[in-house]
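Okay, structure first, notes after.
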There are 2 protein chains.
Amino acid sequence: MNKKELFHQFVAFTATVHQVTHDLTKNIKIDDITPIQYKILEYITINRLITPTEVSDCLHLSMPNTSRELRKLREKNWIEKINDTKDRRKHYIRLTEKGKHMMDEAFTCIETRFQKLIENSSNEELEEIRKALTTLQTKIFLNQSVEK
Amino acid sequence: MNKKELFHQFVAFTATVHQVTHDLTKNIKIDDITPIQYKILEYITINRLITPTEVSDCLHLSMPNTSRELRKLREKNWIEKINDTKDRRKHYIRLTEKGKHMMDEAFTCIETRFQKLIENSSNEELEEIRKALTTLQTKIFLNQSVEK
DNA sequence: TCATTTAGTTATCAAATGATAAGTATGGAG
DNA sequence: CTCCATACTTATCATTTGATAACTAAATGA
């Protein structure tokens with residue numbers, strides 16, 4: 001196995017992923033949301049209950065900037081704070097009902113676009129795709145050696 | 001095959017890809033390059049000979065903004081214009097020797113980080129990864145129904 | 001108790017990116 | 001030749017995002 005070739009395939013692959021996700025998420029009819037704010041909401045949607053520090057780490061935002069964006073999301077009533085009962089410095093963030101509803105709509109719109117990408121795939125191909133996603137998640141991406 | 005479930009797996013997957021590529025490319029020691037400029041250079045590196053219009057379409061930049069960024073890259077002597085002999089309105093873009101050298105260094109640095117992600121994988125696993133990348137590229141991403 | 005660390009906030013400034021209007025030059029259809 | 005489309009450019013302004021300093025409050029550890 002040629003590891004250099006694999007690397008080049010990987011680079012081309014990630015570039016494609018970026019382009020496709022951009023296509024899937026562009027022009028979603030959410031009033032007045034910035035790309036980063038969307039990413040934060042997406043992250044919260046996927047991960048349910050998280051702290052600002054986690055958002056900062058995972059989305060590579062500084063704490064002050066994370067704090068600012070979370071404040072904006074709170075002002076728009078899409079997320080809310082939940083205090084940690086043990087450590088009073090910490091708090092958690094979750095979607096409000098309004099936020100959940102809004103993300104549901106967004107995901108429905110994105111899903112429609114996604115389904116179009118796979119509409120001509122047979123069941124066997126879909127199963128192949130599912131396995132491929134799982135393989136990459138477990139064999140590459142979860143190995144992340146995060147260095148600060 | 002549950003298509004909705006596949007969609008959610010896909011969303012989580014793309015979020016991970018974004019995080020990992022951010023980790024792989026952050027702090028690369030290229031003097032004075034912005035994220036978008038890097039993306040453009042990466043795109044040129046992968047695709048060799050392209051027009052500004054293609055850059056605009058594929059990286060989702062407006063033509064004026066594309067033009068501005070390409071000018072900056074030209075000013076730094078990383079890319080150069082090649083006139084189209086048939087259509088004198090058009091021109092192509094390619095890396096200069098300086099640009100190639102710089103991208104080589106960047107890719108080397110990124111490759112080192114990438115190899116770390118797969119250092120513990122057996123040959124069979126690497127082959128699995130390669131197949132998974134190919135599967136996703138061909139069965140999902142190349143189906144892109146690009147709508148303007 | 002007192003210093004230090006952690007979690008998060010506020011304020012401010014700079015840089016990157018997005019959006020739009022208006023321009024040049026060439027190509028192509030009729 | 002005229003008109004319109006295409007391929008790009010320049011200029012300008014608004015918004016988003018990044019970076020940094022300085023802060024509060026609670027936890028932790030000696």
Side-chain angles (χ1 to χ4, degrees), chain A residues 18-19 21-23 25-28 30-44 49-76 78-94 148, chain B residues 18-19 21-23 25-28 30-44 49-76 78-94 148:
Chain A
H18 280 82
Q19 289 172 222
T21 51
H22 191 284
D23 281 336
T25 55
K26 81 178 165 195
N27 301 329
I28 299 179
I30 300 177
D31 28 32
D32 213 23
I33 194 171
T34 68
I36 287 218
Q37 283 167 19
Y38 176 77
K39 280 208 160 200
I40 294 175
L41 289 180
E42 184 188 77
Y43 189 78
I44 296 174
L49 205 61
I50 54 173
T51 64
T53 303
E54 282 179 86
V55 174
S56 169
D57 287 346
C58 295
L59 301 186
H60 313 283
L61 294 167
S62 68
M63 272 306 287
N65 292 335
T66 302
S67 194
R68 173 184 61 201
E69 298 308 320
L70 290 176
R71 179 175 47 73
K72 290 179 189 168
L73 292 173
R74 259 196 324 273
E75 282 168 2
K76 285 169 184 161
W78 286 328
I79 62 172
E80 60 193 349
K81 285 186 181 183
I82 299 171
N83 292 320
D84 187 309
T85 47
K86 288 168 194 161
D87 185 338
R88 300 207 302 162
R89 289 169 308 178
K90 290 170 72 175
H91 68 262
Y92 297 91
I93 289 155
R94 71 170 170 207
K148 260 289 187 180
Chain B
H18 280 81
Q19 288 172 224
T21 52
H22 191 285
D23 281 335
T25 55
K26 80 179 167 196
N27 302 329
I28 298 178
I30 299 176
D31 27 33
D32 213 23
I33 195 171
T34 69
I36 285 217
Q37 283 167 20
Y38 175 78
K39 280 207 160 202
I40 294 175
L41 289 180
E42 184 188 78
Y43 189 77
I44 297 174
L49 202 62
I50 55 172
T51 64
T53 303
E54 283 179 87
V55 174
S56 168
D57 286 347
C58 295
L59 300 186
H60 312 284
L61 294 168
S62 69
M63 272 305 289
N65 293 335
T66 303
S67 194
R68 174 184 61 202
E69 298 308 319
L70 290 175
R71 178 176 47 72
K72 290 180 189 167
L73 292 173
R74 259 194 327 269
E75 282 167 3
K76 283 169 185 160
W78 286 328
I79 62 173
E80 60 193 349
K81 283 187 183 184
I82 300 172
N83 291 320
D84 186 311
T85 47
K86 289 170 195 162
D87 186 338
R88 301 207 303 163
R89 290 169 308 179
K90 289 169 74 174
H91 69 261
Y92 297 92
I93 289 154
R94 71 169 171 212
K148 261 286 185 181

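Note on naming: letters A, B, ... go to the chains in the order of the sequence lines (proteins, then strands), and numbering restarts at 1 for each one.
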If you only use heavy atoms from C-beta on, which nucleotide in [options] is closest to the side chain of [X]?
{"X": "K90(A)", "options": "dG18(D), dA7(C), dA27(D)", "value": "dA7(C)"}
{"X": "I36(A)", "options": "dA19(D), dG18(C), dG18(D)", "value": "dG18(D)"}
{"X": "T53(B)", "options": "dC8(D), dT12(D), dA27(D)", "value": "dC8(D)"}
{"X": "S67(A)", "options": "dG18(C), dT10(C), dT20(C)", "value": "dT10(C)"}
{"X": "R71(B)", "options": "dT9(C), dT10(D), dT20(C)", "value": "dT10(D)"}

Within the structure, does a side-chain N or O atom of [X] lie under 4.0 Å from either OP1 or OP2 of [N]?
{"X": "K81(A)", "N": "dT9(C)", "result": "yes"}
{"X": "T34(A)", "N": "dT15(D)", "result": "no"}
{"X": "R89(B)", "N": "dA7(D)", "result": "no"}

Contact class for [X] vs. all strands (heavy atom < 4.0 Å): base, sugar-phosphate, or nothing?
{"X": "N65(B)", "result": "base"}
{"X": "K86(B)", "result": "sugar-phosphate"}
{"X": "P35(B)", "result": "sugar-phosphate"}

Taking 4.0 angstrom as the limit, do K86(B) and D84(B) come out as a salt bridge?
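Salt bridge flag = no for D84(B) with K86(B).
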
Send over the distance from M63(A) CE to dA11(C) C1', rounded to a whole Å.
16 Å

